Amino acid sequence: FSLCSFFSWAYCFSFFSFTAIVFPIGYGFDSFIHKATESHLAEFGTITPKPFYYIGQYVLVLFFSHAFSLPLELVDTFLVPVLAALLIPLAWYGASVCMIKNPRHALFPLVGLFLLPLDSFIVTTPQSLANLWIFLTILASVHALSIPETTKWFQNLIPIFLGTMSAILIHPIAGIPIFFYTSFLAIPPLTTKRLLRRLLFWILFLFGTIMLPASFLLNAIKTGQGFHLNISNIIPTTLIQSLHLDIFFQNRFNPLLDFVYLVGENRMLILFLLCGFAWILYRKELS
């Protein structure tokens with residue numbers, strides 16, 4: 001286990017830190033803004049207007065910088081890559097143990113880390129840090145989903161609640177979907193009152209479908225940007241075009257590159273197909 005975990009951590013760290021090493025000045029646009037905000041907070045202790053959206057990241061960066069006497073820019077650059085390299089293999093292995101029930105055999109799914117689109121964790125931004133907590137929360141929920149319903153169901157959800165609150169404090173827009181995901185998991189296992197469970201499920205489902213668009217609407221009204229709705233973006237033809245189905249008919253006369261483009265341009269479609277296939281296989285256990 002120690003050898004496999006070492007190689008997993010080494011691979012993840014080399015992958016996540018690649019951008020910081022190749023682009024020492026910085027990468028992307030958002031990271032420069034957040035580094036400037038953190039430097040201002042470190043020097044003056046406050047900033048106006050208050051960045052309530054991203055305070056979760058700023059607290060972590062300033063804490064590590066002051067507590068360990070590290071340069072603020074260094075902490076900001078490597079915060080998400082280091083956390084992702086340390087925590088993702090552990091969480092992935094923990095989820096594998098819950099499903100496979102054999103610690104030795106659970107090591108083999110660590111190879112699946114090579115197949116994940118982990119580019120979200122190469123730069124420290126509130127969005128990437130929130131995505132990290134969301135990913136860890138989903139992996140932690142495997143334990144709660146794999147055990148029988150017991151009276152201790154709430155104790156199994158404590159790590160999930162912590163990850164959800166962390167994501168909300170770091171980036172509320174990213175935290176709203178994981179909040180409703182956790183809310184679905186928190187429905188009490190009332191096996192004798194299926195009607196109440198169904199009622200709670202549909203209430204959460206209704207609020208979950210409107211809460212994220214409503215948050216954008218409220219934010220637009222609050223900032224005075226107005227409300228702009230483009231109906232053309234939700235018509236069937238536009239939605240079909242967004243799936244990039246034309247990639248199936250493109251040919252660059254390079255089988256390897258064609259396969260890379262095929263997978264890269266249709267990642268979400270492939271993900272939904274895999275999720276649907278998994279639901280078909282395990283729908284009886286999930287019901």
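The figures here come from the full heavy-atom set of this structure, side chains too, leaving out hydrogens, waters and symmetry mates. Keep in mind that what you see is a predicted model, and the values were worked out from it rather than measured.
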**OP:** Please identify each residue that fulfils ring pair (Phe, Tyr, Trp, His ring centres under 6.0 Å) with F201, with sequence neighbours left out.
**Re:**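 Applying ring pair (Phe, Tyr, Trp, His ring centres under 6.0 Å) to F201 gives F184.
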
Original post:
Do the rings of Y58 and H34 sit parallel, tilted or perpendicular, given the 30° and 60° boundaries?
Top reply: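 Y58 and H34: tilted rings.
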
Could you state whether [X] and [Y] fall into the same hydrophobic cluster, counting links through intermediate Ile, Leu, Val, Met, Phe, Trp or Tyr residues with side-chain heavy atoms under 4.5 angstrom apart?
{"X": "I168", "Y": "F207", "result": "yes"}
{"X": "I122", "Y": "I33", "result": "no"}
{"X": "F63", "Y": "L132", "result": "yes"}
{"X": "V59", "Y": "L169", "result": "no"}

Subject >> Heavy-atom side-chain proximity of L206 to W202 below 4.5 angstrom >> reply: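 L206 vs W202: side chains apart.
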
Subject >> Min side-chain heavy-atom separation D30-Y54 under 4.5 Å >> reply: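 No - every pair of side-chain heavy atoms lies 4.5 Å or more apart.
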
Subject >> Verdict with reasoning, F135 to L139, per side chain to side chain contact (heavy atoms under 4.5 Å, CB included) >> reply: CA-CA 6 Å; F135 186 38; L139 292 176; 3.9 Å; yes

Subject >> By side-chain hydrogen bond (donor to acceptor under 3.5 Å, both in side chains) - contacts of T125 (at least two apart) >> reply: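 Only S128 meet the side-chain hydrogen bond (donor to acceptor under 3.5 Å, both in side chains) criterion with T125.
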
Subject >> With sequence neighbours excluded, residues passing side-chain hydrogen bond (donor to acceptor under 3.5 Å, both in side chains) with T124 >> reply: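 Partners of T124 by the side-chain hydrogen bond (donor to acceptor under 3.5 Å, both in side chains) criterion come out as none, since no residue qualifies.
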
From [atom1] ([X]) to [atom2] ([Y]), nearest 0.5 Å:
{"X": "S120", "Y": "N131", "atom1": "OG", "atom2": "CG", "answer": "4.0 Å"}
{"X": "F179", "Y": "T137", "atom1": "CZ", "atom2": "OG1", "answer": "13.5 Å"}
{"X": "W133", "Y": "L129", "atom1": "CH2", "atom2": "CG", "answer": "7.5 Å"}
{"X": "I134", "Y": "Y181", "atom1": "CD1", "atom2": "OH", "answer": "11.5 Å"}
{"X": "F180", "Y": "S183", "atom1": "CZ", "atom2": "OG", "answer": "6.5 Å"}
{"X": "I203", "Y": "R198", "atom1": "CD1", "atom2": "CZ", "answer": "14.0 Å"}

Original post:
Who passes side chain to side chain contact (heavy atoms under 4.5 Å, CB included) against F23, sequence neighbours left out?
Top reply: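 Result, side chain to side chain contact (heavy atoms under 4.5 Å, CB included) vs F23: T19, Y27.
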
Minimum heavy-atom distance [X]-[Y], with the two atoms named:
{"X": "A174", "Y": "Q127", "value": "CB-NE2, 3.6 Å"}
{"X": "A186", "Y": "L157", "value": "CA-CD1, 3.6 Å"}
{"X": "V142", "Y": "A95", "value": "CG1-O, 3.7 Å"}
{"X": "H171", "Y": "A130", "value": "CB-CB, 3.6 Å"}

Taking distance alone, no hydrogens or angles, what donor-acceptor pairs closer than 3.5 Å link side-chain atoms of residues 64-86 to residues at least two apart or in another chain?
| residue | atom | partner | partner atom | Å |
| --- | --- | --- | --- | --- |
| S65 | OG | L70 | O | 2.8 |
| T77 | OG1 | K35 | NZ | 3.1 |
| T77 | OG1 | E73 | O | 2.7 |

Original post:
To which residues is I210 joined in a hydrophobic cluster, defined by side-chain heavy-atom contacts under 4.5 Å among Ile, Leu, Val, Met, Phe, Trp and Tyr, whether direct or through other members?
Top reply: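 When side chains under 4.5 Å apart are linked, I210 ends up in no cluster with other residues.
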
Original post:
Around atom CZ of F15, are there more than 12 heavy atoms of other residues, nucleotides or ligands at under 6.0 Å?
Top reply: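 Enclosed: over 12 neighbouring heavy atoms sit under 6.0 Å from CZ of F15.
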
Original post:
With S141, which of I178, L185, T182 fulfils side chain to side chain contact (heavy atoms under 4.5 Å, CB included)?
Top reply: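 Exactly one option meets the side chain to side chain contact (heavy atoms under 4.5 Å, CB included) with S141, and it is L185.
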
